[in-house]
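In what follows, a structure is listed as structure tokens, so that the remarks can point back to it.
Residue numbers start from 1 in every chain, and the chains themselves are labelled A, B, ... in the order their sequence lines are given, proteins ahead of strands.
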Amino acid sequence: MSYGSSPAPRANFGLRGHDGSAVPALARGLGGEAAKREADNMKRTMVLTLVALGAGSAGLYFFANSGGPTADTPRVYKSVADCVSARIQPAGACEQQWNAANLVHQKGAPDYASMEVCEKQHGAGKCVKPATPEDAERASRYIPIMSGYFFGKAPQGTFQGVPLYSILSDGAERYRVAEIRPKEPVDPVNSLEKSKTAGNGEGGQGGTSRTLLFIPGLAIGATGPAAAPAAAAAPANAARPGAMPASPTSPAATPANTAPRAQMGNPAAATKPAATTTSRGGLGSAARSASAGGSGG
Amino acid sequence: MHRVKCDQRPNFADRAEELGFKFHSIDGEPYWDETAYYEFTLREIEEDIEAPSAELQELCLDFAGKAVNDAEILERLLIPEQHWNLVRDSWKRGDPTLYGRFDFAYDGKGPAKLLEYNADTPTSLYEAAVFQWVWLEDSIAQKRLPDKADQYNSIHEKLIARLKGMGQKAFLHLACMAGSEEDKGTIAYIADCAMQAGHGTNMLTVEEIGLRSDGYFVDMNDRQIAWMFKLYPWEWVFADQFGQSPAMTHTRFVEPPWKAVLSNKGLLPYLWEMAPNHPNLLPAFFEDDPAKSVLGTRFAKKPIYSREGANILLVDGENVVGRSGGNYGEEGYVRQALVHLPEFEGRYPVVGIWIVGDEPCGMGLREDSGLITTDRSRFLPHAIVG
């Protein structure tokens, strides 16, 4: 194993400004990311998300079960003590994250009608009565204890403490994530607010839109039906408050691009003459003469 | 670097279904193959593959900056003169590139040798970025690989980050040719990443793209196409009727027009001229360049616009060791020194290195039972162990 060896010297990965223009901010961002990754010696994606491709319409989230030495690296912590002993962030931050996850846990933990059913799902000794039940109905039920939390930053957003539960899967103990369970009839805007206040941060979880979270090496868990269909249909666009930092690398920000790009994201604003005609089929003919297969390579 | 035999995951079919991987078999033949994987060391990845890829990307960008302003080079690359301004302007504006793939011959011993650069319409992206990644995570969880196993693959997060940097809440149209499940899968994946980067998306086929009488490209709903990802090669756009229209200057493309100077086998002789004896380059010449004689009788002859391994001729001494059919070649050829792909248990892998933005960030291997890698070759996962 050569994980401890120092990485090879690298070329400058930054975007070049064509024709001498300033190096865009994205390049600095990537540089920072690349530098962090060098420190981690971790060569793969931390959090893998699909919002439209996978089965079902609400998206898939996958977390690599690997820790890195920076505070932002997405990582599973099994307890405050686990977080402290990882020596990645100060003890105070560990406690804060645990508490944030616990808040989500108290409101959103799955519940069961009996201790027996709960333990069958989560293992012996892993279930309790809710400490701060919202109502009498919840007070009569049983919830699993929180067995850890997930914390970190990824391009998709910040995960500010996602509670984890142990679950028995084929006799082995694994972990699953909490399901956010809105009690009220679902209103997409309201549930968005709820997910924010619940500590899910700037949108990594997309509010209640997820149906499945998978923590490889640790867990597989289907978190039930999508609770907010509207958010599920467009999770990236609707359920991502504050997740889009402005970036000077945007072509739209380049003066030369202003005119055509002003149309982007607001196509309805494109001025359309009163009577236009549209012809089709003027692209694709070269393909037919060149190749029967796909255009890729 | 080793080829390690292994069993297919018991949950393979479920995973393919769950992850929307619809082209794991093509025409009844398996395309995704996890009955073996390639094992690398971190040193091999970082020193032999990643660092040279970054260096070659720099070299390619140097060449692009030179080529767009050089009539002789543009002619040599067969870019029609009426499109030179489009190519040049896109470079001068700094229209950003999303991705590309270098293909290398690499055996874990000598230096990786660049076979070609798929700079415009590379595919096998989704299987490298997503399905391969989940394979690794499953294999670790199922104790088939050690906990410390890793993969050279941050393609997914780099794509999202890059797309975030390419505009704010913009609307991206994505187009590919009708009829290819693989191409459809590729643009669906890029659309997914674009959504996660905050953009709106709409997918269509290139044949459906409309040219409106006011001079704009439009989709099937008559919505203007201001920004388009096209899985359709630039040389075909240049040859198509709509490619000649003024609408070409109103749309911003991914990949941008300047990629036409890189997604071209004519790049190979120029790279060799710029960096002769570079350890990761093979000597290469245009077919009509007398200097090609230094290659003697060991060479690969490739059409300037060949894709998916079409119309390649491999000559080794008196023997033709490989030949593929296809409809390319009228445009001219380049000749590249012959490098035998390494053999692993009767298979010949090509190492594809993904560039997102300008950063190499992932790898996918395709192997074939012959020396020419085509769209029928199989994709195998890899792991970094040790």
- Query: If you measure from OG1 on Thr45(A) to CG on Leu136(B), what distance do you get to the nearest 0.5 Å?
  - Reply: 11.0 Å
- Query: CD of Glu208(B) to CG of Leu283(A): how many Å apart, nearest 0.5 Å?
  - Reply: 12.0 Å
- Option in Asn153(B), Val130(B), Leu172(B) with maximal non-hydrogen atom pairs under 4.5 Å from chain A: Asn153(B)
- Knowing that exactly one of Glu50(B), Met363(B), Gln151(B) qualifies, which makes a side-chain contact (heavy atoms from CB on, under 4.5 Å) with Lys43(A)? Glu50(B)
- Message: Which atoms of Ala129(B) are under 4.5 Å from chain A, going by heavy atoms: the side chain, the backbone, both sets, or neither?
- Response: backbone
- Task: Please identify each residue that fulfils salt bridge (Lys or Arg N to Asp or Glu O under 4.0 Å) with Glu181(B), with sequence neighbours left out.
- Result: Lys184(B)
- Task: Could you tell me the separation between the CG atom of Asp219(B) and the CZ atom of Arg280(A), rounded to the nearest 0.5 Å?
- Result: 7.5 Å
- Message: Less than 4.5 Å to any heavy atom of chain A: does that hold for the side chain of Ile45(B), its backbone, both, or neither?
- Response: side chain
- Sequence neighbours left out, what passes ring pair (Phe, Tyr, Trp, His ring centres under 6.0 Å) with Phe217(B)? Give chain and number order. none
- So, for Ser213(B) and Ala275(A), which heavy atoms are closest and what is the spacing to 0.1 Å? OG-O, 4.4 Å
- Note on the structure: Note: Ala149(B) and Arg44(A) closest approach over all heavy atoms is O-NH1, 3.2 Å
- At a heavy-atom separation under 4.5 Å, does Phe21(B) approach chain A through its side chain, its backbone, both, or neither? neither
